[in-house]
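From a predicted model like this one, the values you see are computed outputs, not experimental measurements.
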Amino acid sequence: MLLAAGLGARLRPLTDTVSKCMIPIAGKPLLEHNIDILRSNGVTDLVINLHHLPQTVMNHFGDGSGLGIRINYSVEPELLGTAGAVKKVEQVFDGPFFVWYGDNLSTCRLDRLWQFHQSKRGVATIALHYREDPTRSGIVGLDENDRVTRFFEKPRPDQVFSHWVNAGILVLEREVLDAIPAGVVADFGCDIFPALVERDSAIFGYRMAEDESLWWIDTPQDLARVEESLGV
């Protein structure tokens with residue numbers, strides 16, 4: 001599932017006419033970069049949730065056949081949060097599945113992430129990115145076996161206990177869906193994962209390697225930084 005319902009308020013005026021995930025980078029929309037990565041890893045059945053200017057996405061990708069994939073859309077008149085969005089379409093998942101926050105750009109190796117998840121046999125695996133300043137992110141505490149022990153969203157500098165942050169790329173087992181309340185706003189980092197850890201459910205953190213990158217694109221400055229990194 002690609003989460004692509006963000007408003008992109010801090011990217012205005014770019015997002016006045018297109019959805020945040022449709023901002024062009026290196027000649028094609030951000031979301032298309034993420035679809036290319038998923039497709040290259042054999043992921044060809046996608047659900048994309050939408051809210052702000054959904055037609056800009058649907059008109060561009062259609063049913064996905066032009067890219068050799070299948071796309072179903074879930075339009076949210078009211079935003080449901082990262083977990084609520086997944087709960088809304090739970091009927092389409094018949095086994096473990098990826099969740100990718102579509103307004104980030106990453107070179108995360110999904111093959112490594114999947115193998116890690118399979119080896120740990122937990123209910124969820126979160127890709128983690130090392131961030132020097134984690135105060136704008138959800139930080140994750142791990143034990144010696146990479147099992148998640150705690151979460152903290154957007155800590156103050158004196159609250160930082162880890163520089164490993166949620167990269168917005170997940171592998172979930174179906175049983176995680178049972179922990180998400182239906183029809184309400186729910187977030188993985190703030191609500192669902194902390195509750196699962198409290199229940200002693202096994203969630204693991206996959207630490208992205210140096211050859212795996214992650215770029216946030218929340219502001220025009222972020223966008224300029226990504227384009228510079230990609231040599232655009």
Shared hydrophobic cluster, I126 / L172 (ILVMFWY, side-chain heavy atoms < 4.5 Å): yes
W164 with Y101, same ILVMFWY side-chain cluster at under 4.5 Å: yes
Main-chain N/O of C108 paired to S106 side chain as donor or acceptor, under 3.5 Å: yes
Electrostatic pair R147-D200, nearest N-O below 4.0 angstrom: yes
Flag, side chain of E32 to backbone of P29, donor-acceptor distance under 3.5 Å: no
Verdict with reasoning, T107 to W215, per side-chain contact (heavy atoms from CB on, under 4.5 Å): CA-CA 9 Å; T107 56; W215 296 275; 4.2 Å; yes
Rounded distance (nearest 0.5 Å) linking atom CZ of R131 with atom CG of L214: 8.0 Å
From H52 atom NE2 to L50 atom CG, the distance as rounded to the nearest 0.5 Å: 11.5 Å
Spatial distance of atom CG (L80) from atom CG (L3) [nearest 0.5 Å]: 11.0 Å
S65 and D63: side chain donor to acceptor below 3.5 Å: yes
T44 side-chain N/O to R39 backbone N/O, donor-acceptor pair under 3.5 Å: no
Residue pair V57, C21: steps toward the side-chain contact (heavy atoms from CB on, under 4.5 Å) verdict: CA-CA 8 Å; V57 179; C21 64; 3.8 Å; yes
Any donor-acceptor N or O pair under 3.5 Å, side chains E173, H117: yes
Check: D187/T82 side-chain N/O donor and acceptor closer than 3.5 Å: yes
Parallel, tilted or perpendicular: rings of F193 and F151 (30°, 60°): parallel
Side-chain donor/acceptor of K87 to backbone N/O of L177, under 3.5 Å: yes
L142 reachable from I192 in the ILVMFWY side-chain graph, under 4.5 Å edges: yes
Any donor-acceptor pair under 3.5 Å from N41 side chain to V43 backbone: no
Within one Ile-Leu-Val-Met-Phe-Trp-Tyr cluster: V99 and L46, side-chain cutoff 4.5 Å: no
Connected via hydrophobic side-chain network under 4.5 Å: V89 and M58: no
Working for side-chain contact (heavy atoms from CB on, under 4.5 Å), residues M22 and L30: CA-CA 6 Å; M22 294 300 290; L30 166 60; over 6 Å; no
Side-chain donor/acceptor of Y73 to backbone N/O of G62, under 3.5 Å: yes
Closest contact, heavy atoms only, T125 versus F116: CG2-CD2, 3.6 Å
Non-hydrogen atoms of P155 and V160 that approach each other most closely: CG-CG2, 3.9 Å
Considering all heavy atoms, the nearest M208-S213 contact: CE-O, 3.5 Å
Crowding at CD, E78 (>12 non-hydrogen neighbours, <6.0 Å): no
Close side-chain approach of F152 and S162, heavy atoms under 4.5 Å: no
Trace of the side-chain contact (heavy atoms from CB on, under 4.5 Å) decision for F188 with L170: CA-CA 10 Å; F188 282 116; L170 318 170; 3.9 Å; yes
Spacing of D45 atom CG and I69 atom CD1 [to the nearest 0.5 Å]: 9.0 Å
N/O donor-acceptor pair under 3.5 Å between R174 side chain and F93 backbone: yes
Stacked cation flag R112 on Y206, 6.0 angstrom / 45 deg: no
Inter-residue atom distance F61.CZ - L2.CG, 0.5 Å rounding: 9.0 Å
Short N-O contact, K28 and D36, less than 4.0 angstrom: yes
Non-hydrogen atoms of S201 and V123 that approach each other most closely: CB-CG2, 4.1 Å
Approximate separation, where rounding is to 0.5 Å, of T135 OG1 and H163 NE2: 10.0 Å
Side chains of L110 and L38 in contact at under 4.5 Å (non-hydrogen atoms): yes
Which atom of V47 lies closest to which atom of S74, heavy atoms considered: CG1-CB, 4.5 Å
Pairwise side-chain contact, H129 with N166, heavy-atom cut-off 4.5 Å (strictly under): no
K120 side chain vs I203 backbone, donor-acceptor pair below 3.5 Å: no
M1 and W100, any side-chain heavy atoms less than 4.5 Å apart: no
Least distance between heavy atoms, E76 atom then H51 atom: O-ND1, 2.6 Å
Whether E212 side chain and R109 backbone form a donor-acceptor pair below 3.5 Å: yes
Under 3.5 Å: donor-acceptor pair, side chain of N72, backbone of I48: no
